[in-house]
Chemist: 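Below is one structure. I have some questions about it.
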Amino acid sequence: MLPDYHMHTYLSDGKDTHEDMVSSAAFKGIPEIGFTDHISIKPVGWAMEMSEINTMIEKVNAVRKNDTKVVVKLGAEIDYYSGMEKQIGELIDSIPFDFTIGSVHFINDWNFDTDIRPYDQISIDKFYTDYFKLVQQSAKSGLFDIIGHCDLAKKFGYYPSFRLERLYEETAKIFRKAGVVVELNTSGKGKPCAEFYPSAVFLEKLAKYKVPITLGSDAHVEQNIGQFFEEAVSELKALGYKEIIKFNKRKRETQRI
Ligand SMILES: [Zn+2]
Ligand SMILES: [Zn+2]
């Protein structure tokens, strides 16, 4: 099994403790995990309070000290907000991260990841254009090691009237130029879109531009750690990927697949 670099505990919107997550990984034979509870500069209910950041660091250090076969990394899934790069950067620099995931969950004040009501009232074409623009900006910001679920706009199965290939190609090129890693997030499989983030077509573009990949289950309960990884790895191999990325104190390492 391969490292799982995206999961949430009770500290943000997950359910289980750090200990639960580590024992589940050990049970499943996953050699390394990265905790990535939500951090958001704008206060939102499903993210950690700023005062909980120290608890996050302590919890991760505590499970690291336990004698276990699982290597534990400190990450976070951080909301990207256009125009707030400086504050986000200062916050990141104050935490001893192994890696950061940058995610776009908001278009203006709309959390399109959890609030499904507006989808029927908006232009889905504009939504996709706005979404990908923000994702591209998040990559160019230089704040994040990994770009999270990079086509989350499709989560609830709403698609634009135009073909997405051109937008995927443009975004893949920007990822490459920005030097970011992109995660293959397997959680989309269980959502209405019923496929990984990114989609197979988008992943093909990422492979074309040699954008490196991490694997993440986005587990919010311990049972989902490492979910669908076998399928994800065969998809990567079919596209010519020979390795995935791991991080140590924000430096990249590779692992063969
Ligand atoms: Zn997310
Ligand atoms: Zn997540």
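Order of listing sets the numbers, starting from 1, for every ligand and every atom in it. Position 1 is the first residue of the sequence; numbering continues from there.
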Chemist: Between Gly148 and Glu183, which heavy-atom pair has the shortest distance, and what is it?
Modeler: CA-OE2, 3.3 Å
Chemist: Between Asp130 and Lys133 (salt bridge meaning N to carboxylate O under 4.0 Å), is one present in this structure?
Modeler: no
Chemist: Less than 6.0 angstrom separating the ring centers of Phe112 and Tyr119, yes or no?
Modeler: no
Chemist: How about Thr171 and Gln136: does a side-chain donor come under 3.5 Å of a side-chain acceptor?
Modeler: yes
Chemist: Within 2.8 Å of the Zn ion (ligand 2), is there any N, O or S atom belonging to His8?
Modeler: yes
Chemist: Would you mind checking if Arg250 and Asp145 are paired as a salt bridge, meaning a charged N to carboxylate O distance below 4.0 Å?
Modeler: yes
Chemist: Which of the protein's N, O or S atoms come within less than 2.8 Å of the Zn ion (ligand 1), not counting waters?
Modeler: Glu77 OE2, His105 NE2, His149 NE2
Chemist: Can the positive tip of Lys189 be found less than 6.0 Å from the middle of the six-membered ring of Phe196, inside 45° of the ring normal?
Modeler: yes
